[in-house]
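Only this structure's heavy atoms are used, side chains among them; waters, hydrogens and symmetry mates stay out. None of these values were measured; they are calculated from a predicted model.
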Amino acid sequence: MMIVNYVASVLLVVLGLYTIITKKNIIKIVLGTGIVDYGINLFIVSVGFTPGGTAPIFTINEIVSGSHFVDPVPQALTLTSIVIGACVDAMALSLCIKLYKQYKTTNADEIRRLHG
């Protein structure tokens, strides 16, 4: 079942990279970077998952031999990555709005040509 998560994360990264490379609309490029970010987050969470594991919240009396806990570090890294990714996407989209106001287009090639 975990292999589905790995395949999905690779597909999301490939789809995002395809969008970044082939599209000329800067808004679509920003969305492609977000898709890559989601794929990497899915991969990190999948790596940190332990089948049959429980939350790593326990007291000293609850620890028994053979108990498995899910590693909380990948979850914490992913949560931080989600917050940073949302801020980066918001900033990139605000820059897209500024570029549109300045050049009256969202086509990356035309903006490069207008730069001179």
Side-chain angles (χ1 to χ4, degrees):
M1 186 64 175
M2 287 302 295
I3 201 80
V4 174
N5 287 352
Y6 294 124
V7 170
S9 66
V10 168
L11 287 177
L12 283 172
V13 170
V14 169
L15 178 67
L17 289 175
Y18 174 78
T19 304
I20 293 168
I21 293 169
T22 60
K23 301 299 180 188
K24 300 299 180 188
N25 190 336
I26 55 175
I27 295 174
K28 291 179 182 178
I29 293 170
V30 170
L31 291 176
T33 59
I35 292 172
V36 170
D37 187 33
Y38 302 145
I40 292 170
N41 288 339
L42 178 61
F43 179 75
I44 292 172
V45 168
S46 299
V47 166
F49 179 72
T50 303
T54 60
I57 303 169
F58 55 88
T59 61
I60 198 69
N61 296 333
E62 294 175 345
I63 299 176
V64 295
S65 66
S67 61
H68 299 282
F69 296 105
V70 176
D71 189 11
V73 174
Q75 294 175 6
L77 288 173
T78 302
L79 182 61
T80 305
S81 175
I82 289 169
V83 172
I84 292 171
C87 294
V88 167
D89 288 343
M91 183 66 187
L93 288 174
S94 68
L95 289 174
C96 290
I97 291 170
K98 289 290 187 182
L99 282 172
Y100 181 75
K101 286 181 181 179
Q102 178 76 26
Y103 297 112
K104 302 294 186 235
T105 184
T106 57
N107 190 336
D109 287 341
E110 290 181 20
I111 291 172
R112 282 190 207 125
R113 278 192 220 117
L114 291 174
H115 188 317

Over all atoms of both residues, closest heavy-atom pair of [X] and [Y]:
X	Y	answer
Ile26	Ala108	CG2-CB, 3.9 Å
Ser46	Asn5	OG-CB, 3.1 Å
Asn107	Asp109	OD1-N, 3.1 Å
Ile111	Thr105	CD1-O, 3.8 Å
Ile20	Ile29	CG1-O, 3.9 Å

According to a hydrophobic-cluster definition based on side-chain heavy atoms being under 4.5 Å apart (Ile, Leu, Val, Met, Phe, Trp, Tyr only), do [X] and [Y] belong together?
X	Y	result
Tyr18	Ile35	no
Val45	Tyr38	no
Met2	Leu42	no

Show your reasoning for whether side-chain contact (heavy atoms from CB on, under 4.5 Å) applies to Ser9 and Ile40.
CA-CA 6 Å; Ser9 66; Ile40 292 170; over 6 Å; no

Give, for atom [atom1] of [X] and atom [atom2] of [Y], the distance between the pair rounded to the nearest 0.5 Å.
X	Y	atom1	atom2	value
Met91	Cys96	CE	SG	11.0 Å
Leu99	Ile27	CG	CD1	10.0 Å
Leu17	Thr22	CG	OG1	10.5 Å

Working for side-chain contact (heavy atoms from CB on, under 4.5 Å), residues Tyr103 and Glu110:
CA-CA 9 Å; Tyr103 297 112; Glu110 290 181 20; over 6 Å; no

Is there a side-chain contact (heavy atoms from CB on, under 4.5 Å) between Asp89 and Thr33 once you walk through the steps?
CA-CA 8 Å; Asp89 288 343; Thr33 59; 4.0 Å; yes

Checking side-chain polar atoms at under 3.5 Å, does Asn41 have a donor or acceptor matched by the opposite partner on Thr78?
no

Side chains of Pro74 and Val47, heavy atoms from C-beta outward: is any pair under 4.5 Å?
no

Please check if atom OH in Tyr6 has more than 12 non-hydrogen atoms from other residues, nucleotides or ligands closer than 6.0 Å.
yes

Which of Val7, Val14, Leu12 passes side-chain contact (heavy atoms from CB on, under 4.5 Å) with Val10? Answer is Val14

